[in-house]
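Worth saying up front: this structure is predicted, and the values here are computed from it rather than measured. Position 1 is the first residue of the sequence, and the numbers go up from there.
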Amino acid sequence: RPHSLPRRREPCIQDIEKALQYSPYQPDTVTLTGTLLFMMGHRDRGAALVKEALRLNPHLPWNHRTVTFMSSYRQRRYDAALAEALSMHAPGFFLQPLCRAAALGQLGRGEDAASALQELLELRPDFPSRAEDLIRRWMFSDENAEMLLDGLRKAGLEDYSGNG
């Protein structure tokens with residue numbers, strides 16, 4: 001999460017590079033370093049590392065796909081973002097339907113987006129009042145949160161929030 005990243009980023013990036021040198025084929029290391037780089041603003045390299053880790057081990061936990069989802073979403077490749085969201089297997093957790101709803105909203109797939117949004121609201125009834133905070137906590141930046149909120153609005157989130 002951005003608020004927990006080190007303030008001195010250059011030493012952190014140097015440590016990331018060392019970790020990659022020592023364990024270039026260890027999926028957990030590659031995923032962690034890619035995620036950190038993505039969170040620190042090195043999005044292309046970070047996403048590429050996470051994709052490589054998923055190639056090395058396609059059975060990594062679902063949360064590693066948040067980087068690949070967000071990378072595609074930021075590039076407005078909403079079909080690819082939706083595919084990443086569908087690859088997140090986290091039953092009972094709100095992030096997967098959130099990602100699906102945002103991508104589907106951007107794709108203009110109203111009924112599917114509304115269905116994903118309804119699933120999200122069943123898992124997190126408080127989501128409309130806490131949307132910005134929850135998204136920022138899980139998706140690395142205010143900018144990412146705004147982009148996702150745009151997709152969620154297109155999916156119909158404003159119908160639930162009462163405050164637009």
Side-chain angles (χ1 to χ4, degrees), residues 1-9 12-13 16 31-51 53-54 60-164:
R1 295 179 180 79
H3 61 277
S4 61
L5 288 175
R7 295 194 190 281
R8 297 181 52 207
R9 291 178 180 230
C12 182
I13 291 172
I16 287 169
T31 302
L32 176 61
T33 57
T35 300
L36 286 170
L37 286 169
F38 189 88
M39 290 168 60
M40 294 171 72
H42 299 269
R43 292 183 188 96
D44 292 339
R45 179 129 190 268
L49 285 168
V50 172
K51 285 179 187 175
L54 288 165
L60 286 170
W62 68 269
N63 58 323
H64 297 303
R65 295 211 178 260
T66 57
V67 169
T68 54
F69 165 82
M70 205 60 234
S71 177
S72 294
Y73 193 92
R74 289 179 60 81
Q75 296 169 20
R76 293 177 169 74
R77 294 177 30 240
Y78 301 119
D79 283 318
L82 178 59
E84 290 298 327
L86 291 170
S87 297
M88 295 177 188
H89 298 288
F93 190 61
F94 75 96
L95 199 59
Q96 197 267 5
L98 181 156
C99 293
R100 272 190 5 250
L104 289 163
Q106 294 292 4
L107 290 167
R109 292 177 48 188
E111 284 185 36
D112 293 333
S115 177
L117 185 58
Q118 187 59 43
E119 183 181 337
L120 166 62
L121 295 173
E122 287 171 10
L123 293 170
R124 283 304 299 242
D126 64 339
F127 188 80
S129 65
R130 298 196 55 217
E132 290 183 41
D133 178 55
L134 290 168
I135 295 171
R136 282 186 176 91
R137 287 176 188 240
W138 283 96
M139 298 311 271
F140 316 125
S141 75
D142 292 347
E143 182 184 8
N144 291 348
E146 289 305 318
M147 294 175 85
L148 289 171
L149 283 167
D150 181 56
L152 292 171
R153 286 182 197 106
K154 291 175 181 176
L157 181 63
E158 290 179 344
D159 296 340
Y160 297 92
S161 65
N163 59 10

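Interatomic distance, CG of Leu86 versus CG of Leu104, reported as 7.5 Å (0.5 Å rounding). Taking CH2 of Trp62 as the start and CZ of Phe93 as the end, the distance is 4.5 Å to the nearest 0.5 Å. Rounded to the nearest 0.5 angstrom, Leu123 CG and Gln118 CD are separated by 10.0 Å. Here the CZ-CD1 distance, from Arg45 to Ile16, works out to 8.5 Å after rounding to the nearest 0.5 Å. Atoms CE and CG, from Met70 and Leu148 in turn, are 4.0 Å apart once rounded to the nearest 0.5 Å. Note that CZ of Arg137 is 13.5 Å distant from CG of Leu95, once rounded to the nearest 0.5 Å.
The shortest side-chain heavy-atom distance between Gln96 and Cys99 does not fall under the 4.5 Å cut-off. Counting only heavy atoms from C-beta outward, the side chains of Leu98 and Met88 never approach each other to under 4.5 Å. A heavy-atom distance below 4.5 Å is not found between the side chains of Asn144 and Ile135. At a threshold of 4.5 Å between non-hydrogen side-chain atoms, the residues Lys51 and Leu54 do not count as touching. Residues Glu119 and Arg100 form a side-chain contact, since some pair of their non-hydrogen atoms from C-beta on lies under 4.5 Å apart.
Counting all heavy atoms, side chain and backbone alike, Arg136 lies closest to Ala145 at CG-CB, 3.5 Å. Contact between Ala116 and Pro97 at its shortest, heavy atoms only, is O-CB, 3.6 Å. Shown here for Pro125 and Pro128, the closest heavy-atom pair between the two residues is O-CD, 3.5 Å. Heavy atoms only, all atoms of each residue included: Leu157 and Leu117 are closest at N-CD2, 3.4 Å. Of all the heavy atoms in Phe38 and Ala47, the pair that sits closest is CD1-N, 4.2 Å. The two residues Arg109 and Asp112 make their nearest non-hydrogen contact at NH2-OD2, 2.9 Å.
The backbone N or O of Thr31 lies less than 3.5 Å from a partner atom in the side chain of Thr35, making a donor-acceptor pair.
Applying the side-chain hydrogen bond (donor to acceptor under 3.5 Å, both in side chains) test to Arg130 and every residue at least two apart in sequence or in another chain returns Asp126, Asp133.
Side chains of Tyr73 and Gln106: a donor-acceptor N/O pair is present below 3.5 angstrom, by distance only.
Asn63 CG: more than 12 foreign heavy atoms inside a 6.0 Å radius.
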